[in-house]
Amino acid sequence: MNKAARYIGMGFSSFHCLLISFVMLLLQGCGEASIPSSYTQSDAEPDIWPDYRDVTIPPNIAPLNFMVDSVDDVVAELNIAGSKQTYGGKDNKVQIDEKEWHNMLSAAKGKSLSVSVYTKKDGKWLAYKPFAIHVAEEEVDPYVSYRVLPPSFVGYDELSIRQRNLTNFEETTIYNNRQISEGLEGQCINCHSYQNYGTKNMMFHMRFQHPGTMIVNDGELLFVNLKDESMISAAAYNSWHPSLPIIAFSTDHTMQSFHTRVLSKVEVMESASDLVIYDIKKNRVQTVLNDSAEFELFPSWSPDGKWLYYCSAHYEYENGYENTEELLQRYKSLQYNLYRLSFDASTMSFGEPELVYDAVSQDRSAVQPRVSQDGRYVLFAEGPWGLFHIWHTTADVKMLDLQTGRLVETRAMNSPLPESYPSFSSNDRWILFESRRDDGNYTRTYLAYFDKNGCVHKAFEVPAEDPEYFRLLLRSWSRPELMKEPVRISPKQFYEKALTEPIKVSK
């Protein structure tokens, strides 16, 4: 090699080293945020999205990333017992390192994180009053599943059931109807549920194309036609018995009516509804309640398996059974109370209906009951009438203390917009529900702490890796369910099973 070649080589090598050093410095600078040296102090707390101020969270939840609107830059300092971490410094979002976050939560169990926020607008920094994030001792079940669906009332061209790991941001598909549906009618998928928060025993329904019910029993996948000549429709709303291979269902005739001059968009009604149970091992359906003057639905087993809770609306047709025109005129008279039936597992028999909560006497309607694991409390959604309260702006999550017969104060978790589908975590310390509080149109998933003293705390939205995710997502997260583990059956296995002939049930 001549001298010129050596010099050219040396020059390139030196430039390469300088370039690498420069890139490394840039990366180091991007990975660290710093508190501004000069700022104006505000007496107010920052207006952050989602609102995580003064919430109580599980010690195993994913990072509570957030953003501040209408600013150029934001920096947040998280402080626990003098140990500080600083994030942000790129745009108007604060996104927290997962490993560092979980280390902080581990140190903060039973304590609080202090969060100081600084924002920059037009070159000037503003410091806000710090706010707290309280960290409970008790964890939440690590998984949640939900339906993901676009705005629709009668179309099913795009529906999926998905699952999310709440300790991080991993999201996977359980089943997507686009794998199998064809044409405009599509395939509706709904009512996913689990036995004791586990996925070894689980189910969901399919409607229209390839109809039937997917049931996983002890890990075995079954496809069942849950309809016989005695039932008014295929099985619908459901609940697994906590220890037996039986599922309680309602069987319903469902109808919709659309508003043109009020804020609510739609009314969902049942023109008839009964309760049945399905024995998976015996492949047999047994009628539980079928009073023509009672619309019984939303069955829910108590965790000890000794009671079947449900809701029922008393309705007597004046102009012929299931006269839908009459029902449309009287839809506000459809109001549901909460009831329960005792259950004897040795004889598979039920006792007489027992009134648990009289909502009708208060001109209200109570639906979707869920009983706490200790058997003391019942969660439910309450609205002015009907059963689909996510369409009613005055709908709230309520809780009844069965020991005292009194309602627990739940205002901290509710909002001026509708809440629905509440349920307890497996340790009773967390309440999961869906809400339209973000924008009034799309349902999102929320959690609220329910402490050992019986107090409900401020609810918070399930965190997203990008804090703007739910603002930009033109889909609803519907009917959330907590799980201790992910679903192990693959979407392909469900798809292949759906192409087979479903098993017919016997009486």
Side-chain angles (χ1 to χ4, degrees), residues 188-195 201-207 211-217 222-255 268-303 305-315 321-322 334 336-354 356 367-371 387-388 479 502-507:
C188 182
I189 48 176
N190 52 50
C191 297
H192 55 284
S193 68
Y194 312 91
Q195 185 183 50
N201 294 295
M202 62 163 289
M203 61 146 289
F204 63 89
H205 295 306
M206 295 177 169
R207 306 294 191 210
T213 299
M214 287 289 172
I215 297 178
V216 181
N217 181 232
L222 307 170
F223 190 39
V224 184
N225 177 8
L226 278 173
K227 168 77 169 72
D228 70 8
E229 65 281 356
S230 68
M231 297 164 60
I232 62 177
S233 73
Y237 311 111
N238 57 82
S239 177
W240 285 80
H241 190 277
S243 58
L244 300 175
I246 59 174
I247 311 174
F249 293 96
S250 63
T251 170
D252 325 87
H253 283 168
T254 305
M255 56 185 290
V268 180
M269 293 165 280
E270 308 293 337
S271 60
S273 185
D274 299 331
L275 293 185
V276 301
I277 58 171
Y278 173 60
D279 189 315
I280 301 171
K281 299 297 185 183
K282 296 179 180 179
N283 188 36
R284 188 176 67 188
V285 171
Q286 172 186 333
T287 299
V288 178
L289 291 172
N290 61 352
D291 188 334
S292 62
E294 295 288 335
F295 295 174
E296 309 102 343
L297 74 169
F298 291 121
S300 181
W301 292 102
S302 62
K306 296 179 180 180
W307 298 93
L308 181 63
Y309 287 75
Y310 67 99
C311 60
S312 183
H314 182 79
Y315 186 88
Y321 187 64
E322 288 204 73
L334 282 176
Y336 292 79
N337 285 329
L338 296 186
Y339 296 87
R340 67 180 183 178
L341 302 169
S342 61
F343 176 65
D344 186 340
S346 63
T347 60
M348 296 290 286
S349 60
F350 292 87
E352 292 299 312
E354 176 184 320
V356 174
V367 295
Q368 302 160 359
R370 290 291 186 93
V371 186
L387 67 146
F388 260 46
R479 200 183 182 278
I503 302 167
K504 293 184 178 180
V505 296
S506 58
K507 190 68 177 175

Exercise. Side chain of Ser312, backbone of Glu294: donor and acceptor closer than 3.5 Å?
Worked result: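 Not at all, since once roles are kept as given, no pair shorter than 3.5 Å links the two residues.
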Problem set entry | Exam field: side chain Asn238 to backbone Cys191, donor-acceptor pair closer than 3.5 Å |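 Present.
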Close side-chain approach of [X] and [Y], heavy atoms under 4.5 Å:
| X | Y | answer |
| --- | --- | --- |
| Asn201 | Ile280 | no |
| Ser342 | Phe350 | no |
| Asn283 | Tyr278 | yes |
| Ile246 | Gln286 | no |
| Met202 | His192 | no |
| Leu289 | Tyr310 | yes |
| Ile247 | Ser239 | no |
| Ser250 | Phe298 | no |

Measuring from [X]:[atom1] to [Y]:[atom2], what's the distance to the nearest 0.5 Å?
| X | Y | atom1 | atom2 | result |
| --- | --- | --- | --- | --- |
| Thr213 | Asn190 | OG1 | CG | 8.5 Å |
| Asn217 | Gln195 | CG | CD | 8.0 Å |
| Cys311 | Asn337 | SG | CG | 9.5 Å |

Problem set entry | From CA spacing to verdict: side-chain contact (heavy atoms from CB on, under 4.5 Å), Phe343, Trp301 | CA-CA 10 Å; Phe343 176 65; Trp301 292 102; 3.7 Å; yes
For this session: Tell me, please, which residues at least two apart from Arg207 pass salt bridge (charged side-chain N to carboxylate O under 4.0 Å, His left out).
Result: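 Testing Arg207 for salt bridge (charged side-chain N to carboxylate O under 4.0 Å, His left out), a comparison that skips the adjacent residues, returns none.
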Which heavy atom of [X] sits nearest a heavy atom of [Y], and at what distance?
| X | Y | answer |
| --- | --- | --- |
| Ala313 | Leu334 | CB-CD2, 4.3 Å |
| Lys227 | Met231 | NZ-O, 3.0 Å |
| Tyr321 | Ser292 | CE1-O, 3.7 Å |
| Leu297 | Ser273 | CB-OG, 3.6 Å |
| Lys281 | Pro245 | CG-CG, 3.6 Å |
| Glu352 | Leu341 | C-CD2, 3.7 Å |

For this session: Taking atom types as modelled, find out whether Thr254 and Asp252 have a side-chain donor-acceptor pair closer than 3.5 angstrom.
Result: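 Distance-only check fails for Thr254 and Asp252.
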For this session: Dump the intermediate steps for side-chain contact (heavy atoms from CB on, under 4.5 Å) on Thr287 and Asp274, then the final yes or no.
Result: CA-CA 8 Å; Thr287 299; Asp274 299 331; 5.7 Å; no
Exercise. Among Ile277, Val505, Thr251, which residue meets the side-chain contact (heavy atoms from CB on, under 4.5 Å) test with Val285?
Worked result: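 With Val285 as partner, side-chain contact (heavy atoms from CB on, under 4.5 Å) holds for just one option, Val505.
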Exercise. Checking side-chain contact (heavy atoms from CB on, under 4.5 Å) against Tyr336, which of Glu296, Glu270, Gln368, His314 comes through?
Worked result: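 Single pass found, and it is Glu270.
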For this session: For Phe295 and Met269, run side-chain contact (heavy atoms from CB on, under 4.5 Å): C-alpha distance rounded to whole Å, both residues' side-chain angles, the deciding distance at 0.1 Å, then the answer.
Result: CA-CA 10 Å; Phe295 295 174; Met269 293 165 280; over 6 Å; no
Problem set entry | Those residues that, when tested against Ser271, pass side-chain contact (heavy atoms from CB on, under 4.5 Å) (two or more places apart) |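 Applying side-chain contact (heavy atoms from CB on, under 4.5 Å) to Ser271 gives His253, Met255, Tyr317, Glu322, Leu327.
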Exercise. Under the salt bridge (Lys or Arg N to Asp or Glu O under 4.0 Å) rule, what pairs show up with a residue in residues 338-351, not counting sequence neighbours?
Worked result: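 Found Arg340-Glu354.
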